[in-house]
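By convention in this document, chain letters (A, B, ...) are assigned in the order of the sequence lines, proteins followed by strands, and residues within each chain are numbered from 1. Below, all heavy atoms of this structure are taken into account, side chains as well, without hydrogens, waters or symmetry copies.
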Amino acid sequence: MASLSFVNVCKTYKNGLTVVKDFNLDIKDREFLILVGPSGCGKSMTLRMIAGLEDITSGELWIDGQLMNMTSPQSRDLSMVFQSYALYPHLTVYQNMAFGLKVHKVPKDEIEKRVGRAAEILHISHLLDRKPSALSGGQKQRVAIGSVIVRQPKAYLMDEPLSNLDAKLRSQMRVELAKIHRELGATIIYVTHDQVEAMTLGTRIVVMNSGVIQQAASPNDIYENPVNKFVAGFIGSPSMNFFPVWVARRGEKICLEFGKNKLIANEICSKRLVEDGYVGRRVYLGIRPEDFHEEGPEEQKILFDVEMKEVLGAEILFHGRINREEICVRLSPNVKAEPGERLPVYVDMDRIKLFDMDTEQNIIYV
Amino acid sequence: MASLSFVNVCKTYKNGLTVVKDFNLDIKDREFLILVGPSGCGKSMTLRMIAGLEDITSGELWIDGQLMNMTSPQSRDLSMVFQSYALYPHLTVYQNMAFGLKVHKVPKDEIEKRVGRAAEILHISHLLDRKPSALSGGQKQRVAIGSVIVRQPKAYLMDEPLSNLDAKLRSQMRVELAKIHRELGATIIYVTHDQVEAMTLGTRIVVMNSGVIQQAASPNDIYENPVNKFVAGFIGSPSMNFFPVWVARRGEKICLEFGKNKLIANEICSKRLVEDGYVGRRVYLGIRPEDFHEEGPEEQKILFDVEMKEVLGAEILFHGRINREEICVRLSPNVKAEPGERLPVYVDMDRIKLFDMDTEQNIIYV
Amino acid sequence: MDSVITTAAKEINRDELEKLKRSATQKALFRRRAGKFALVIVNLAMSIFVLLPLLYAVSIAFMPSSELFTTEMNLIPGNPTLENFRQAMVKIPLNRFIVNSFFVAGCITFGQILSCSLAAFSFSFLDFKGKNLLFMVVMATMMIPGEATIISNYLTVSGLHWLDSYNVLIIPYLTSAMGIFLFRQFYKSFPISLYESARIDGCSNLRFIYSILIPLTKSAIGAMAVYTFINAWNMYMWPLLVTGSDRMRTVQIGIGMLDSVDSQSISMMIAGVVMIIIPSISVFIAGQRQLIRGMFSGAVKG
Amino acid sequence: MNIKTFVKKAGPYVYMVPAMAVFAVFLFFPFFKTIYLSLYKTNKMGQAKLYVGLLNYADLLNSPSFFNSLLVTAIFVVIVVSVSMLLGLIAAVLCSKTFPGIRIFSTAYALPMAIASSSAAMIFKIMLHPSIGIVNKILGFHINWISDPKYALACVALLTAWLNSGINFLYFSAGLSNIDETIYERASVDGANSIQRFFFLTLPGLSPIMFYTLVVNIIQAFQSFGQVKVLTQGGPGESTNLIVYSIYRDAFFNYRFGSAAAQSVLLFLIIMILTLCMFRLEKKGVSY
Amino acid sequence: LSGCAKQTGTETNSASSPAAETQTTAAQIAESSDSPKDTTITFWHSMGGVNGEAIDTLVKKFNKENTSGITVEAQYQGSYDDAINKLKSAQIGNMGADLVQIYDIGTRFMIDSGWVIPMQELIDEDHWDLTQVEPNIAAYYTVSGNLYSMPFNSSTPILYYNKDIFTKAGIADIPDSLPGIERIGDDLINKGGAGEVISLGIYGWFFEQFTCKQQAYYADNGNGREDAATAVDFDKNGAGVKTLAAWKDLSDKGYAPNVGRGGDAGLADFSAGKAAMTLGSTASLKQILNDVNGKFEVGTAYFPKVSDDDKGGVSIGGGSLWALNNEDPAKQQAVWKFVKFLVSPESQAYWNSQTGYFPVTVAAHNEAVFKDNIAKYPQFKTAIDQLHDSTPQSAGALLSVFPEARQIVETEIENMINNKGTPEDTVAKMAESINKSIEDYNLINN
Ligand SMILES: Nc1ncnc2c1ncn2[C@@H]1O[C@H](COP(=O)(O)OP(=O)(O)OP(=O)(O)O)[C@@H](O)[C@H]1O
Ligand SMILES: Nc1ncnc2c1ncn2[C@@H]1O[C@H](COP(=O)(O)OP(=O)(O)OP(=O)(O)O)[C@@H](O)[C@H]1O
Ligand SMILES: [Mg+2]
Ligand SMILES: [Mg+2]
């Protein structure tokens with residue numbers, strides 16, 4: 001398995017468009033790295049550069065201590081699930097999965113064994129003789145995964161490999177991928193839009209935006225300690241609510257005020273705000289939907305107007321407004337509010353985030 | 001807009017494979033119908049039959065009171081997002097989106113207006129001059145959605161239209177789709193794997209398995225009252241836990257026993273079990289992960305061995321076993337158990353489901 | 001779960017509905033069949049139009065020559081005869097010629113497909129300096145009139161002592177700009193991600209060409225192979241110039257040998273023409289399988 | 001430059017070696033010789049004898065006969081290319097959907113290419129014969145097709161178009177088979193009827209191959225020759241004296257290799273310029 | 001004499017004091033008797049179809065019967081044009097034949113080329129009796145008293161007519177001139193029911209024959225026989241205009257519609273029974289009879305004169321055999337032996353019977369095969385008579401650029417028939433173009 005290292009990697013298109021900017025990242029051996037970011041931010045491009053499918057405009061890419069910028073894809077010994085599957089239309093599912101092994105001159109019975117096993121894992125054993133054109137979308141995607149996991153390359157690159165699978169299969173696949181990672185000690189670089197995948201699978205998450213790395217950290221860290229407003233808003237679903245608030249000193253307490261609502265900051269926050277001179281200025285307050293509770297002390301209460309209610313089985317999402325700011329609140333199904341009502345909710349002040357108005361950096365990031 | 005009706009529709013492939021079996025469904029005008037089911041169960045095929053891309057082997061398809069089996073796709077006045085996008089590679093994004101309007105001879109400025117609006121909604125205004133080959137996966141998908149929503153056909157067919165979008169964009173798109181549905185009064189038939197989409201968008205959900213409709217009902221109904229074990233297990237993520245249990249009479253109470261665990265059924269359950277003669281027989285007990293609590297009465301307690309812990313930000317998933325049965329429990333982040341520990345959890349007995357051992361039908365389905 | 005339609009349907013009685021349904025289906029089926037039928041008719045007309053000269057040639061080949069020289073209508077031979085074919089067979093060693101032609105044309109076809117697909121692969125999948133220039137050079141070769149090079153080429157091959165051998169018939173034709181160009185155009189619409197996928201799978205370029213590219217561009221190769229084969233089959237000037245003996249000669253020269261300056265027997269010549277078309281037709285029919293629709297369907301998303 | 005970079009840089013050229021080697025020996029070398037010859041007057045054996053500079057070219061550009069050849073060739077090319085491409089395209093579209101007998105029909109459409117141009121010319125010569133020819137008999141005309149300057153060129157051109165339609169059919173069929181089926185599906189759901197699908201999808205989808213066919217057809221039409229030799233020998237008058245035939249005549253009959261070489265070079269230039277123009281157009285008109 | 005003739009002269013001189021000559025011959029004979037299996041000679045010909053078959057038979061016969069171990073490899077080299085072109089390239093590229101068959105109009109080119117051994121040398125060496133060869137045929141290939149090549153397949157043009165039509169029209173006298181044809185034209189059409197009077201292919205050879213018929217020269221320098229021609233003569237001596245005027249007359253009156261270019265262009269109309277007459281080579285006789293297949297009776301007559309008082313004859317066409325100088329005396333001897341065999345009465349009689357070409361040796365007339373053939377095809381008698389009635393003076397022109405000249409003549413006649421000019425203009429244009437070619441040719445090649 002392999003470690004990878006990006007040094008100032010940039011990718012610019014002929015038309016001057018820069019898709020990946022100044023990318024610096026070390027990926028350790030056996031890491032399960034998750035790449036996330038909004039659609040079009042350059043995730044696939046990054047994978048493609050690692051694979052050698054795109055020339056690196058500037059910067060260096062090292063794999064296992066070797067400079068790889070000029071190495072051809074087939075000499076890199078990687079393996080990739082394409083976002084677009086890229087199955088060979090003239091080969092059967094079996095042949096598709098066996099192709100990479102055949103190219104590497106793996107003996108026939110070994111191929112058979114590995115493909116058989118992969119097909120079982122992916123529940124596609126009954127499809128082995130079909131051509132891709134006779135498969136459903138999810139089945140194609142599983143074949144694409146299959147042709148990757150049969151191999152044991154230096155690193156696996158996976159571009160949204162589970163996007164077309166149903167929830168159940170997806171969670172099974174998650175388990176299988178985790179197993180592969182554990183058992184083979186594989187280095188995996190994984191692009192996904194699924195928050196659950198990102199949070200559960202990865203040893204580290206890299207959040208990108210417009211080709212720039214925003215934060216690279218463990219899932220928990222990313223969730224608890226987003227480096228800036230973008231990361232905070234991007235990770236977590238439904239995403240964090242942001243309000244511009246005034247930081248005001250009310251007696252001993254530091255208050256966060258917006259409209260008629262006043263929240264009293266906890267100690268750590270207060271300290272930071274005072275130290276960094278935010279008192280009297282406006283900052284962004286970020287509260288995740290699940291950090292609202294039905295009950296709590298009065299000083300954490302805010303009122304909001306319910307506009308819509310989404311019942312999700314285990315919980316209810318209330319969409320509404322506080323002073324024209326849209327807000328989403330996640331409460332337990334016991335709460336019986338209807339659209340049109342004004343609902344009091346209580347903010348878990350230990351879990352709020354605060355961001356600078358201009359730089360959008362997290363103020364209390366530790 | 002249109003109403004649709006399937007009467008005994010079957011689809012059999014030349015090789016004898018039946019992909020859709022005896023499909024009976026009425027879709028009312030303005031309905032937002034969600035099709036869900038495991039990968040390969042025939043969802044796309046159903047959409048394709050509606051669109052006229054696949055011949056219906058037997059049965060009838062009515063649209064707005066007219067038999068449509070033999071009508072050619074272009075006369076059906078529908079509009080479809082393909083799972084594989086199916087963008088025209090030689091046209092720009094703008095032209096792709098304008099195509100359907102152009103063939104319907106919509107005036108040029110009207111086309112421009114509608115495409116412009118759709119592009120804005122989908123955040124692809126800056127890509128209008130590109131060819132699909134220069135787009136990222138999610139951007140392609142948005143173009144595919146765009147070329148559908150610019151039109152006002154009898155019904156919209158959408159095959160996993162949001163699968164390659166990030167969570168944030170996806171929730172924005174959800175809102176937009178809901179708006180389109182509301183404003184245009186459109187009939188929408190929508191395939192998805194995303195539980196959230198299914199639960200929030202649809203006025204009705206149809207759960208399919210191997211080409212057969214399992215249940216067609218409102219999202220809430222499907223969640224609360226799954227008709228059988230399959231639906232119960234399929235809807236909800238992480239999915240419901242199932243244990244085979246003995247139904248035993250212990251004094252006045254009806255008990256559900258498995259291993260050393262004993263749960264006392266509530267009144268309704270008990271009544272049904274007794275009436276239907278399940279006492280002394282085995283049934284499946286189904287409990288959703290979120291129906292476990294950290295605290296509760298002793299008679300609802302079961303013990304399970306934690307094997308894995310997934311921290312998802314707002315909650316924690318514990319994976320483990322009760323008597324060799326795998327189980328997944330969703331608890332609040334306050335619970336501080338680690339893998340290897342034995343954790344007591346309390347079952348919300350009002351929310352359990354019971355399924356017949358043989359037919360797998362829900363016993364207390366109302 | 002009753003909708004408007006089914007309730008409405010229930011109101012009219014079921015028989016009537018069945019009838020309605022059947023008639024609708026029948027109408028649609030009829031329309032479909034009529035469409036197919038029309039297609040066949042149009043095709044029939046078109047193919048007769050295209051084939052007329054050939055059919056007429058076949059008909060002439062069966063005519064005694066006296067029947068040809070008449071001002072009356074003579075579409076179909078009145079007294080069909082095989083004499084013309086027999087004569088043609090007797091006059092020239094056609095078998096040997098056909099074997100030669102087959103061998104030569106086969107080698108040329110194979111060689112061209114190989115060299116052209118390699119070069120076209122490089123032109124469309126790889127990036128290198130001077131690509132456009134080089135491509136223009138290749139294109140330019142197509143524009144050099146054959147008459148302008150034939151004499152020099154003759155001198156070249158005679159200098160190499162290749163005259164009157166298979167070498168001389170085959171080697172100068174082992175590649176063609178047209179083939180390179182054709183393949184390049186086809187590769188343009190080839191889903192690039194398949195190439196990428198193969199490369200990541202550790203596939204070398206050569207392997208990609210033979211296990212992915214060639215199977216997937218069968219239709220282009222089919223067209224090209226048929227064309228090359230038939231062109232090679234139909235070569236006249238060059239084989240005439242560089243071969244001397246009947247051992248090496250090819251079928252077109254055979255046709256020439258049926259043509260005698262002062263006493264042309266047209267029907268016999270046509271019989272010869274018809275006879276040598278037959279092998280080329282068989283090649284075509286064999287190659288036709290490749291022209292299947294929808295090669296790339298379902299390969300990639302988007 | 002280290003080895004890896006070198007291999008990466010050299011790789012693309014390696015694939016060209018077989019093709020380029022053959023080109024160099026059998027096309028470029030003789031063509032340069034041709035250019036050389038075009039500056040000379042040659043003796044009856046085609047050997048350069050007398051250096052005349054550009055005189056051969058000057059002679060050509062002053063000769064009405066050469067301009068006649070150009071004009072005739074231009075008309076010929078236009079007829080041949082348009083008719084043969086149209087025939088091929090119609091045939092390919094007719095055969096793009098399966099129906100009973102498709103094999104037979106598609107064989108029929110491709111068949112003209114199986115005939116050598118001179119053989120085809122022989123067949124046409126009989127068919128077009130004013131008194132025994134089947135064409136006059138069927139149509140009831142008494143037209144002297146190939147000896148009448150009004151018709152001769154059209155006849156030769158149509159014969160050539162017929163011959164070329166076979167391969168065009170194959171090219172177009174192959175091109176059709178390369179268009180992804182799903183975009184047709186989407187278009188039909190979008191409400192496009194078959195005519196719209198043809199114009200909006202099929203034609204653009206065919207455009208790379210259409211471009212190829214156009215270029216190749218033009219080049220080939222410029223170079224067709226066997227049929228003229230058999231059918232009209234450039235006559236009546238000079239009404240079918242295509243450039244290549246004129247080159248052939250000068251080189252092989254008239255002992256004027258110099259002039260033939262000059263004509264070859266000019267022909268080359270004409271085709272070259274045309275092709276360059278077409279490649280310019282490709283950038284604009286051809287999708288993908 | 002031309003420089004080329006001189007050149008060949010010197011070549012022979014170098015080896016030709018009589019003593020030396022006999023020596024060489026002796027040595028050669030010795031050599032060939034030592035190793036009789038040695039010599040293989042290559043014979044290039046342009047005979048396709050029936051004719052090619054006949055050649056193959058003759059060659060096979062020779063290979064079997066000759067005792068000096070000579071093997072002849074006969075190789076078909078395409079049409080006359082193709083063959084001469086191939087010879088050109090082959091001579092540059094040194095892959096040669098030993099004996100080639102070249103058409104009549106290639107004669108001057110071959111003489112000038114310097115590649116050949118004049119047949120006369122071989123004849124002289126062997127003291128072969130040249131008078132065996134039909135003098136009117138030999139005359140064509142004789143320049144300054146030297147026979148350069150051995151005539152082999154010779155023919156003359158004759159007039160073919162449809163006896164049935166003539167009988168129906170009540171015409172007994174077969175016309176012997178173009179005006180004569182014109183006179184009976186209406187009768188043939190109206191009474192005889194002919195579709196056209198004469199199907200007259202536009203063929204340069206006919207034009208040359210019409211010139212011969214007028215006893216006029218086609219080219220200067222004694223028809224190109226005393227020295228290489230420097231210009232055409234038919235424009236100056238009026239023969240061209242006369243011919244074309246008569247031709248155009250026929251065509252204008254609709255008696256001779258345009259049936260296309262080439263020697264065989266007119267045959268189809270005739271064979272189909274549409275045309276009452278046609279002009280064609282004697283060698284076409286068999287095919288015509290075959291094509292007509294008894295639909296009507298075919299008659300033959302002399303090639304028509306241009307005006308009634310012309311006194312000339314016809315010249316021959318076809319091909320002859322040229323020995324190439326490969327500087328190998330053994331091969332030369334073998335070639336000569338083979339040529340002798342080919343022109344032997346026996347071979348010629350066979351040749352004539354198979355192909356319809358004249359027997360070039362007079363003695364062939366005594367062969368039974370020949371007699372049988374004449375009996376079977378009495379029409380052929382006309383051709384023989386016509387040839388005998390002709391004189392060596394009508395031998396016809398030699399011109400280095402003959403192939404081109406023919407093309408020019410045909411093109412211009414075609415133009416004239418299509419009403420693009422008077423006969424005078426036409427002749428002037430012909431002369432101008434041909435003279436220019438001659439000039440060019442002489443400039444470069446001498
Ligand atoms: N040409 C074919 N021949 C045979 N079976 C086919 C063919 N095309 C599709 N199938 C099968 O039909 C079934 C239904 O396919 P469909 O595309 O409708 O699945 P789906 O429900 O959309 O699945 P997914 O969620 O994976 O897209 C699949 O099991 C597939 O394998
Ligand atoms: N050929 C091209 N020319 C110009 N820009 C391109 C080209 N190909 C891709 N891009 C742009 O590069 C950016 C990055 O693309 P990439 O495929 O890496 O996105 P992504 O992060 O994978 O997005 P998604 O989640 O939608 O797949 C996109 O904005 C895309 O529009
Ligand atoms: Mg991507
Ligand atoms: Mg699907």
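The six-membered or imidazole ring of D:Phe268 lies near that of D:Phe31, with a centre-to-centre distance under 6.0 Å.
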Distance-only donor-acceptor hits, side chain of residues 17-28 of chain D, under 3.5 Å, sequence neighbours excluded:
none

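Rounded to the nearest 0.5 angstrom, D:Gln196 CD and D:Leu201 CG are separated by 10.0 Å. The line from NE2 of B:His181 to CD of B:Glu31 is 8.0 Å long, rounded to the nearest 0.5 Å.
Results of the side-chain hydrogen bond (donor to acceptor under 3.5 Å, both in side chains) test with B:Ser163 over B:Gln141, B:Arg170, B:Gln83 single out B:Gln141 as the only residue that passes.
Here B:Glu110 pairs with B:Arg114 in a salt bridge; the nearest charged N to carboxylate O distance falls below 4.0 Å.
If you check the side chains of B:Ser44 and B:Asp159, you find a donor sitting under 3.5 Å from an acceptor. A donor-acceptor pair shorter than 3.5 Å can be found between the side chains of D:Thr202 and D:Tyr184. Looking only at atom types and distance, the side chain of D:Tyr171 has no donor-acceptor partner in the side chain of D:Asn217 under 3.5 Å away.
Of all residues in residues 117-125 of chain B, none places a non-hydrogen atom less than 4.5 angstrom from a non-hydrogen atom of chain D. Of all residues in residues 93-105 of chain B, those placing a non-hydrogen atom less than 4.5 angstrom from a non-hydrogen atom of chain D are B:Asn96, B:Phe99, B:Gly100, B:Lys102, B:Val103, B:His104, B:Lys105.
When heavy atoms are compared at a cutoff of 4.5 Å, B:Arg151 approaches chain D solely by way of its side chain, counted from C-beta outward.
Remark: D:Phe76 pairs with no residue by the ring-ring contact (aromatic ring centres under 6.0 Å, His included) rule, at least two apart or across chains.
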